[in-house]
Amino acid sequence: MDRIIMHIDVNNAFLSWSAIDLLKQGAKYDIRESYAVIGGDEEKRRGVVLAKSNLCKKLGIVTGESLYSARKKCPNLEIYPPNFKVYQYYSNKLFELLGKYTPDIEVFSIDECFIDYSKVKKLYGDELEFAYKIKDEIKEKLGFTVNIGIGNNKLCAKMASEFEKPDKAHTLYMDEIKEKMWPLPIENLLWIGKKTSVKLRELNINTIGDLANSNPHELSKYFKNQAIKMIESAKGIDDSEVITTYVDPKGISHSTTLPYDYTNKDEIYKVIGELSEKLGISLRKQKKYCHVIAIIIRDKYFHTFSHQRRLKNATDLNNEIYEVAKQLFDEAWNKEPVRLIGVRLDNLTESTYHQLSLFEDIDLREKDKKLEEVVDNLKDKFGHQIITMATLVENKKDKKN
DNA sequence: TCTGGGGTCCTAGGACCC
DNA sequence: TCTGGGGTCCTAGGACCC
């Protein structure tokens with residue numbers, strides 16, 4: 001039997017959710033109806049568009065572009081800061097509402113999910129009617145609009161939700177692919193980004209239909225193994241499952257764009273310390289250990305590179321992460337001023353017994369671990385500012401003196 | 001006052017082993 | 001006295017998604 005999959009996608013999520021929140025706080029008008037974007041702090045050099053209103057979209061403003069460039073397209077642009085607590089609140093509300101109808105939901109991101117409707121069709125009947133009902137219920141109860149796409153697999157459902165926006169439901173069944181998907185420009189196809197679309201257009205493949213009908217052998221010359229997958233996508237083929245259970249992350253990372261380019265090693269170490277500490281806390285919260293630590297550096301020329309190392313012994317301790325990350329930084333740094341610094345933990349595993357290296361002091365390690373657990377608890381109770389790693393405290397002392 | 005932050009997956013090349 | 005070949009693990013980088 002054919003599967004029926006739904007993709008639910010909040011229209012301009014961050015902007016819509018901020019709009020509702022601002023109205024609640026007594027705002028005079030709805031920023032969804034004006035030339036507004038949600039954007040990062042330009043003073044901190046995080047000035048990019050995170051979400052835009054439909055009016056801004058019409059002016060060609062896209063997510064991810066700099067506010068500087070967005071303002072050129074719209075001189076009176078209104079810029080609002082993101083509020084992630086509010087976003088998480090409305091995201092939860094959305095998934096709660098959907099959860100009343102079926103537990104078979106794959107949360108794909110903060111504002112998107114898939115539903116395997118095949119499993120509940122007997123209960124709720126025709127999928128398109130159901131989609132309309134749900135989207136109206138969301139609008140009425142939560143105050144924002146969604147698009148719903150329906151297809152025989154996740155790919156088609158997601159493609160369908162991208163059709164006309166906002167506040168719409170669309171179908172893209174297998175027998176509608178030719179008519180509804182093939183005329184679209186190649187850029188619209190999922191997994192075909194900027195780089196790939198440029199190459200495809202050079203090969204005179206301009207629409208999704210062109211790609212679907214291209215010669216796999218010929219295309220393999222340019223895209224190797226990816227070619228087959230690309231053509232399958234263009235034909236609307238996708239057998240990936242809706243995954244309704246929680247999937248552990250394979251790695252975690254934190255990174256930060258610095259308020260100005262850093263050249264002083266101690267200043268950079270301090271940031272690495274803060275990032276390591278955050279990572280250590282979330283690692284211990286998840287009861288995980290990491291086997292690989294990486295440092296990510298972006299220099300003032302926007303050149304981004306990384307350096308990683310597999311550990312002999314997996315760790316979940318701030319200080320061990322910090323020490324390795326610092327070392328990796330020293331090995332990788334090209335001495336150019338640093339714009340962004342990041343730390344990433346990979347190859348996460350469930351708590352594994354710690355294999356002691358020959359000269360390691362087991363008591364010392366146990367003490368470290370106990371200490372960090374105590375600190376975690378204190379932070380939960382009193383907030384983050386209360387305790388920082390010894391090195392950070394020392395840095396602060398140095399500054400005072 | 002140009003260009004966020006957090007992920008996943010894939011590929012290529014080198015090291016190492018049999 | 002002229003260079004195998006397959007498999008696995010590891011690292012770096014790139015492309016894509018939200």
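Excluded from the calculations below are hydrogen atoms, water molecules and symmetry mates; all remaining heavy atoms, backbone and side chain alike, are included. Quick note on labels: first sequence line is chain A, next is B, and so on, each numbered from 1.
A donor-acceptor distance shorter than 3.5 angstrom exists from the side chain of A:D210 to the backbone of A:T207, with no hydrogens or angles considered. In this structure, the side chain of A:R45 engages the main chain of A:L258 through a donor-acceptor pair within 3.5 Å. A donor-acceptor pair under 3.5 Å is absent between the side-chain atoms of A:S18 and the main chain of A:L15, judged by distance alone. Without hydrogens or angle criteria, A:S53 side chain to A:E33 main chain gives no donor-acceptor distance under 3.5 Å.
Defining each end axis of the helix from B:dG5-C:dC18 to B:dC18-C:dG5 as the rotation carrying four pairs' C1' atoms onto the next four, with five pairs an end, the two axes are found to diverge by 10° to 10 degrees.
Side-chain contact of A:K180 with A:T171: a donor-acceptor pair under 3.5 Å is present, judged by distance alone. Residues A:D111 and A:S109 have side chains that bring a donor and an acceptor to within less than 3.5 angstrom of each other.
In this structure, the nucleotide among B:dG6, B:dG5, C:dC16 sitting nearest to the side chain of A:R46 is B:dG5.
In this pair, A:Y101 and A:F130 present their aromatic rings perpendicular. The plane angle is above 60°, beyond the 30 to 60° band.
Annotation: of the two residues near DNA chain B, A:L50 and A:D248, the 5′-most nearest-nucleotide partner is A:L50. Sequence order on DNA chain B of the closest nucleotides to A:K300 and A:K224 puts A:K300 first from the 5' end.
Phosphate proximity of B:dT3 to A:T257: absent, as no side-chain N or O sits under 4.0 Å from OP1 or OP2. Within the 4.0 Å cut-off from OP1 or OP2 of B:dG6, at least one side-chain nitrogen or oxygen of A:H254 is found. Contact annotation: A:K44 side-chain N/O to B:dG4 OP1/OP2 distance is not under 4.0 Å. Contact between the side-chain N/O atoms of A:S253 and the OP1/OP2 oxygens of B:dG5 is not found at any separation under 4.0 Å.
Taking each heavy atom of A:C56 and A:V37 in turn, the nearest pair found is SG-CG1, 4.0 Å. Among all heavy-atom pairs drawn from A:F114 and A:V242, the shortest one is O-CG1, 4.2 Å.
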Does A:Y269 form a side chain to side chain donor-acceptor pair (under 3.5 Å) with A:D330? I'd like the steps, not just the answer. CA-CA 10 Å; A:Y269 281 169; A:D330 287 344; 2.8 Å; yes
Test A:V146 against A:D167 for side-chain contact (heavy atoms from CB on, under 4.5 Å), laying out the working first. CA-CA 5 Å; A:V146 300; A:D167 198 19; over 6 Å; no
Exercise. Yes or no on side-chain contact (heavy atoms from CB on, under 4.5 Å) for A:Q286 and A:L283, after CA distance, side-chain angles and deciding distance?
Worked result: CA-CA 5 Å; A:Q286 298 176 49; A:L283 205 53; 5.7 Å; no
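In this entry the distance linking CD of A:Q226 with C1' of C:dA15 reads 9 Å, nearest Å. Atom P of nucleotide B:dG7 and atom CZ of A:R344 are separated by 7 Å, given to the nearest angstrom. The distance from atom OH of A:Y301 to atom P of B:dC2 is 16 Å, rounded to the nearest whole Å. Taking atom CZ of residue A:F95 and atom P of nucleotide C:dC18, one finds them 14 Å apart after rounding to whole Å. Between the OH atom of A:Y87 and the C1' atom of C:dC18 there is a distance of 14 Å, rounded to whole Å. Whole-Å rounding puts the A:I296 CD1 to B:dG7 P distance at 11 Å. Between the CG atom of A:L348 and the C1' atom of B:dG6 there is a distance of 13 Å, given to the nearest Å. If you take CZ of A:R298 and C1' of B:dG6, they are 13 Å apart, rounded to a whole angstrom.
Annotation: C:dC17 and B:dT1 have their C1' atoms spaced 28 Å apart (nearest Å). Separation of the P atoms belonging to C:dC2 and B:dC16 is 27 Å when rounded to the nearest angstrom.
Taken from NZ in A:K58 to SG in A:C74, the straight-line distance is 13.0 Å, to the nearest 0.5 Å.
Residue A:R45 is in sugar-phosphate contact alone, with no base atom involved, counting any heavy-atom pair closer than 4.0 Å across all strands shown. Among the protein residues, A:G40 comes within range of no part of the nucleic acid, since none of its heavy atoms lies under 4.0 Å from any strand. Contact annotation for A:P82: no contact, since no heavy-atom pair falls under 4.0 Å across all strands. Counting any heavy atom pair closer than 4.0 Å across all strands shown, A:T196 reaches sugar-phosphate atoms only and no base atom. A:K229 comes within 4.0 angstrom of sugar-phosphate atoms only, judged by non-hydrogen atoms across all strands, and of no base. Backbone-only engagement by A:G251 is indicated by non-hydrogen atom pairs under 4.0 Å involving sugar-phosphate atoms exclusively. Across all strands shown, A:E43 has no heavy atoms under 4.0 Å from either base or sugar-phosphate atoms.
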Once base and sugar-phosphate atoms are separated, protein heavy atoms under 4.0 Å mark nucleotides 8-14 of chain C, 5' to 3', with B, S and - as --SSSS-
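Near DNA chain B, meaning a heavy atom under 4.0 Å away, the residues from residues 64-80 of chain A are A:S66, A:Y68, A:R71.
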